[in-house]
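Here is the structure we will look at.
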Amino acid sequence: MKKKVVVGMSGGVDSSVAAMLLKEQGYDVIGVTMQIWQDEEEAAKEANGGCCGLSAVDDARRVAQRLEIPYYVMNFKKEFKCHVMDYFVAEYLRGHTPNPCIACNRYVKWESLLQRSLEIGADYIATGHYARIDRLPNGRFAIRNSVTAAKDQTYALYNLTQEQLAHTLMPVGEYTKDEIRVLAEEAGLPVAHKPDSQEICFVPDNDYASFIDREAGEKVPGPGNFVTEDGRILGRHKGITHYTLGQRRGLELPMGERVFVTAIRPETNEVVIGSNQELFTDKVLCDHVNYMTVEDLTEPTRVLAKIRYNHKGEYGTLTKQPDGKVLCTFDAPVRAATPGQAMVFYQDEHVLGGGTIIL
């Protein structure tokens, strides 16, 4: 009997080819598009390239018809609002800079979709992510780098659980983006040359502050002071939700030299300004740690750690703290380790784990 797999189809080329490859490999494939936004946001979704709007549904349905596989749309608006949009707003109000795609992967694309898929008799779910999954000699599942560094998406998948990985397939990780487009073109898929959508789908204009104002209303803190590390007032800022660690543009401070946001203090509604050098540190602490290659961290461990999606990584040593948090002591200082972002640990090609930066 064929194994059944539900493929999350965004209407883009990557997930479309994932569905095609799995059918070719002999799986019983079902295509599903996840409906995640409220209807009143339809115009904004379409402006973002249709990554989860009506055009995405149309594109995914046309691909499913071409592949001759069943296709459905599932409603995940409640889960997306709770675990992604509300989380995004709450983190900015705390002075943090969250990564909503990581939250979406963990709690919507995997936890929610996998649960429903298992309920309808599926054995696996699959996505078009550029990553691979290995079963290690110790029996654990781990994410492995894709074959193409340019599109590698392992950073955003570090917090998937062992149960989720055991029921996941990622066929696209064995190919480059160019190869995926060629496969789609050769198969006559209508999305072969469709552009990639933006990373944060629900803020298509990249105006995070306006989105937070709309969502949080009176909870949004108003203007406050730009200050130096020692408390000297430099001027007024527009509100802490307008800033992130390392920011230089848009400060509107006539300092006579380049200055940067070096800290955000929501408790006093202050944005700290300093030099570029003040952004560097050789120690980064994280919490909410998820392990993949090991069950737990029992001794100091050498890793390559990335502190943001496009960070090339820096070598360092992980040490588990008594409270369960993990400290990474880097061989060389890293710049702008931002609270709310993920720090992901790699050993060779595998993701050892990762956590959320707090300091």
TODO: Taking Asn225 for its side chain and Leu234 for its backbone only, find out whether a donor-acceptor pair lies under 3.5 Å.
DONE: no
Q. Does the ring center of Phe202 lie less than 6.0 Å from the ring center of Phe80?
A. yes
Check the hydrophobic clustering (I, L, V, M, F, W, Y; side-chain heavy atoms under 4.5 Å; chains of links allowed) and say if Tyr92 and Val271 are grouped together. no
Do the non-hydrogen side-chain atoms of Leu67 and Val29 ever get within less than 4.5 Å of each other?
no
>> Checking the side chain of Lys177 only, and the main-chain atoms of Lys151 only, is there a donor and an acceptor separated by less than 3.5 Å?
In response: no
Rounded to the nearest 0.5 angstrom, the CZ-CG distance for Arg302 and Leu352 is 13.0 Å
Return yes if some donor-acceptor pair links the side-chain N/O of Lys325 with the main-chain N/O of Leu285 below 3.5 Å, else return no.
no
- Item | Within 6.0 angstrom of Phe280 CZ, more than 12 heavy atoms from elsewhere | yes
Please say whether more than 12 non-hydrogen atoms of neighbouring residues, nucleotides or ligands are located less than 6.0 Å from CZ in Phe330. yes
Looking at Arg232, I want to see if its CZ is surrounded by more than 12 non-hydrogen atoms of other residues, nucleotides or ligands under 6.0 Å. no
Can you list the steps and then say if Arg181 with Asp178 is a salt bridge (Lys or Arg N to Asp or Glu O under 4.0 Å)?
CA-CA 5 Å; Arg181 289 202 183 277; Asp178 289 343; 5.9 Å; no
May I ask you to test the Leu22-Val7 pair for a side-chain heavy-atom distance under 4.5 Å? yes
Interatomic distance, CZ@Arg66 vs OG@Ser16, rounded to 0.5 Å, equals 12.5 Å
- Task: Flag yes if more than 12 heavy atoms outside Glu267 fall under 6.0 Å of its CD atom; otherwise flag no.
- Result: yes
Asp123 (side chain) donor-acceptor with Lys4 (main chain) under 3.5 angstrom: yes
Any chance you could lay out the side chain to side chain contact (heavy atoms under 4.5 Å, CB included) test for Tyr124 and Tyr27, step after step, and finish with the verdict?
CA-CA 10 Å; Tyr124 302 100; Tyr27 289 95; 4.2 Å; yes
Notebook entry, point to check: Are any non-hydrogen side-chain atoms of Arg140 and Met292 less than 4.5 angstrom apart?
Noted result: no
In this structure, CE of Met34 is separated from CZ of Arg116 (nearest 0.5 Å) by 7.5 Å
Scanning both residues in full, the closest heavy-atom pair of Thr319 with Pro300 reads OG1-CB, 4.5 Å
Rounded to the nearest 0.5 Å, the SG atom of Cys101 sits from the CD atom of Gln153 at a distance of 9.5 Å
Taking the side chain from Asn290 and the backbone from Leu160, do they hold a donor-acceptor pair closer than 3.5 Å?
-> yes
Heavy-atom distance under 4.5 Å between the side chains of Glu314 and Lys312, does that happen here?
yes
Among side-chain atoms of Tyr208 and Thr244, is any donor-acceptor pair under 3.5 angstrom?
no
Margin query: Please tell me whether Val289 and Leu165 are part of a single hydrophobic cluster in this structure, the criterion being side-chain heavy atoms less than 4.5 Å apart.
Written below: no
State whether the side chain of Arg132 and the backbone N or O of Asn145 hold a donor-acceptor pair below 3.5 Å, judged by distance alone.
-> yes
Are any side-chain N or O atoms of Gln347 and backbone N or O atoms of Phe345, one a donor and one an acceptor, separated by less than 3.5 Å?
no
- Task: Would you tell me whether Thr154 and Asp152 have side-chain atoms, one donor and one acceptor, within less than 3.5 Å of each other?
- Result: yes
Neighbour count above 12 (heavy atom, 6.0 Å) for Asn138 CG: yes
Could you tell me whether a side-chain N or O of Gln247 sits under 3.5 Å from a main-chain N or O of Arg249, the two making a donor and an acceptor?
yes
* With a cut-off of 6.0 Å (strictly less than), are more than 12 heavy atoms of other residues, nucleotides or ligands near CD of Glu295? -> no
Requested in this report: Using the rule that two of Ile, Leu, Val, Met, Phe, Trp, Tyr join whenever any of their side-chain heavy atoms come within less than 4.5 Å, decide whether Val261 and Val334 are in one cluster.
Outcome: no
Residues pairing under ring pair (Phe, Tyr, Trp, His ring centres under 6.0 Å) where one sits in residues 220-269, two or more places apart or in two chains, turn out to be Phe226-His237, Phe226-Tyr243, His237-Tyr243
**Prompt:** Do the non-hydrogen side-chain atoms of Arg106 and His83 ever get within less than 4.5 Å of each other?
**Reply:** no
* To do: Could you walk me through whether Ile125 and His167 pass side chain to side chain contact (heavy atoms under 4.5 Å, CB included), step by step?
  => CA-CA 6 Å; Ile125 62 170; His167 291 281; 5.7 Å; no
Evaluate the side-chain proximity of Val6 to Ile120: yes if any heavy-atom separation is below 4.5 Å, no if none is.
-> yes
On a heavy-atom basis, the closest approach of Ala216 and Val89 is CB-CG1, 3.8 Å
Could you walk me through whether Thr97 and Leu245 pass side chain to side chain contact (heavy atoms under 4.5 Å, CB included), step by step? CA-CA 8 Å; Thr97 304; Leu245 200 72; 5.9 Å; no
When hydrophobic residues are tied together by side-chain contacts of less than 4.5 Å, even through go-betweens, does Met343 share a cluster with Val326? yes
*Is there a donor-acceptor contact under 3.5 Å from the side chain of Arg144 to the main chain of Asp134?*
no
CD1 (Ile233) and CD1 (Ile273) are apart, to the nearest 0.5 Å, by 13.0 Å
Check your understanding: Are Ile143 and Ile133 close enough that some pair of their side-chain heavy atoms sits under 4.5 Å apart?
Key -> yes
> Taking Glu278 for the side chain and Ser275 for the main chain, is one N or O donor matched with an acceptor at less than 3.5 Å?
Replying inline: yes
Does the side chain of Arg335 pick up a donor-acceptor pair with the side chain of Asn276 at under 3.5 Å? yes
message = The test is side chain to side chain contact (heavy atoms under 4.5 Å, CB included); show your working for Asn269 and Ile240 and say whether it passes.
response = CA-CA 7 Å; Asn269 197 26; Ile240 63 171; 3.5 Å; yes
Plane angle bin for Tyr155 and Tyr309 - parallel if under 30°, tilted between 30 and 60°, otherwise perpendicular: perpendicular
Within a strict 4.5 Å, meaning less than it, do heavy atoms of the Met170 and Leu157 side chains meet? yes
Heavy-atom closest pair (Tyr158 atom, Ile102 atom, distance to 0.1 Å) is CE2-CG2, 3.8 Å
With the 4.5 Å side-chain cut-off for hydrophobic clustering, are Leu318 and Leu304 part of the same group?
no
Output for pair (Phe141 CZ, Thr293 OG1), nearest 0.5 Å, gives 14.0 Å
